[in-house]
Amino acid sequence: QVQLVESGGGLVQAGGSLRLSCAASGRTFSRYAMGWFRQAPGKEREFVAVMRWSVGDIYYTDSVKGRFTISRDVTKNTVYLQMNSLKPEDTAVYYCAASSNICSGFACFLNSYDYRYWGQGTQVTVSS
């Protein structure tokens with residue numbers, strides 16, 4: 001069993017920054033990939049970024065490339081999402097999730113159903 005707890009959401013003006021944290025516990029994470037998803041009102045949950053815990057390789061959705069950075073602190077079992085140059089369209093509930101999928105690229109980490117464990121979500125609101 002894996003437990004994930006997000007924090008760091010809030011209200012920020014457009015152009016501002018936030019850093020989300022996801023503290024993980026329960027199992028060793030070397031075999032997991034840690035992902036971030038978001039869900040805006042009335043929309044489906046969408047992939048944002050993923051990092052393979054063991055090797056640290058990363059993949060982003062196009063809309064956040066150059067603005068968001070996923071990172072990890074292995075001593076704290078925590079994954080972060082640094083969000084810069086925020087836009088109103090980034091407003092959503094952000095979730096971290098853990099996947100045990102194995103694939104050579106990142107195709108097996110891009111959908112909600114690829115992840116078994118989820119955090120409770122944290123609200124990010126970007127005002128214009």
Side-chain angles (χ1 to χ4, degrees):
Q1 188 75 6
V2 174
Q3 293 82 41
L4 303 173
V5 178
E6 300 105 332
S7 61
L11 173 64
V12 64
Q13 289 187 331
S17 299
L18 283 173
R19 189 178 79 156
L20 306 183
S21 300
C22 175
S25 62
R27 288 194 176 196
T28 58
F29 303 103
S30 60
R31 58 185 290 267
Y32 284 88
M34 302 299 294
W36 285 97
F37 283 74
R38 64 187 180 187
Q39 187 166 19
K43 295 187 176 182
E44 293 187 355
R45 193 169 297 188
E46 66 169 349
F47 168 82
V48 175
V50 63
M51 171 186 281
R52 284 193 182 87
W53 189 268
S54 59
V55 295
D57 54 343
I58 293 167
Y59 183 80
Y60 299 97
T61 193
D62 286 346
S63 62
V64 307
K65 285 180 181 177
R67 300 189 300 124
F68 290 13
T69 302
I70 187 172
S71 63
R72 75 192 190 290
D73 184 333
V74 296
T75 65
K76 297 180 179 179
N77 280 346
T78 299
V79 63
Y80 303 97
L81 186 68
Q82 177 67 43
M83 305 185 295
N84 299 328
S85 302
L86 282 161
K87 305 175 181 180
E89 52 264 42
D90 294 318
T91 295
V93 177
Y94 283 70
Y95 299 89
C96 70
S99 171
S100 59
N101 285 0
I102 298 174
C103 57
S104 58
F106 291 95
C108 66
F109 301 122
L110 303 183
N111 296 287
S112 300
Y113 55 74
D114 293 320
Y115 294 79
R116 180 175 181 182
Y117 302 104
W118 291 85
Q120 82 285 359
T122 185
Q123 177 70 47
V124 171
T125 303
V126 184
S127 63
S128 58

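Quick note: numbers below take in every heavy atom, side chains included, and nothing from hydrogens, waters or symmetry partners.
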Output for pair (L4 CG, T78 OG1), nearest 0.5 Å, gives 10.5 Å

Any donor and acceptor pair, going by atom type alone, linking the side chain of R38 with main-chain N or O of V48 inside 3.5 Å? no

Between OG of S63 and NZ of K87, what distance do you get to the nearest 0.5 Å? 8.0 Å

Whether over 12 other heavy atoms sit under 6.0 Å from K65 NZ: yes

Enumerate the disulfide (SG to SG under 2.5 Å) contacts for residues 35-75, please, sequence neighbours excluded, ordered by first and then second residue. none

Pairwise distance CH2(W36) to CG(L20) - rounded to 0.5 angstrom: 4.5 Å

Linking I/L/V/M/F/W/Y whenever their side-chain heavy atoms sit closer than 4.5 Å, directly or via other members, would M83 and V12 fall into one cluster? yes

Are V124 and M34 connected in the hydrophobic side-chain network, where two residues link if heavy atoms are under 4.5 Å apart? yes

Is the backbone N or O of V126 less than 3.5 Å from a side-chain atom of T91, with the two atoms forming a donor-acceptor pair by type? yes

If I take atom CZ from residue R72 and atom OG from residue S21, how far apart are they, to the nearest 0.5 angstrom? 15.0 Å

Non-hydrogen atoms of F109 and A33 that approach each other most closely: CE2-CB, 3.5 Å

Taken to the nearest 0.5 Å, the spacing of C96 SG from M51 CE works out to 13.0 Å

What pair of heavy atoms forms the shortest contact from G121 to Y95, and how long is it? CA-CD2, 3.5 Å

Quick one: does E6's side chain have a donor or acceptor within less than 3.5 Å of a partner on Q120's backbone? yes

Quick check: closest heavy atoms across G26 and Q3, and the distance to 0.1 Å? CA-OE1, 3.7 Å

Do the side chains of F106 and W53 join up, straight or via other hydrophobic residues, at under 4.5 Å, putting them in one cluster? no

In terms of hydrophobic clusters joined by side-chain contacts under 4.5 Å, are V93 and L81 together? no

When you measure from the side chain of Y60 to the backbone of I70, do you find a donor-acceptor pair of N or O atoms at a distance under 3.5 Å? yes

Residues which pass ring-ring contact (aromatic ring centres under 6.0 Å, His included) with F37, listed by chain and number, not counting sequence neighbours: F47, Y115, W118

For S99 versus D114, what's the shortest heavy-atom pair and its separation? OG-O, 2.7 Å

So CG of D90 and CG of L18: to nearest 0.5 Å the spacing works out to 10.0 Å

Membership question, hydrophobic clusters at under 4.5 Å side-chain separation (ILVMFWY): are V79 and Y117 in the same one? yes

Establish, for the pair R52 and Y59, whether the NZ or CZ atom is under 6.0 angstrom from the six-membered ring centre and no further than 45 degrees off its axis. no

May I ask you to decide if P88's main-chain N or O and S128's side chain share a donor-acceptor pair within less than 3.5 Å? no

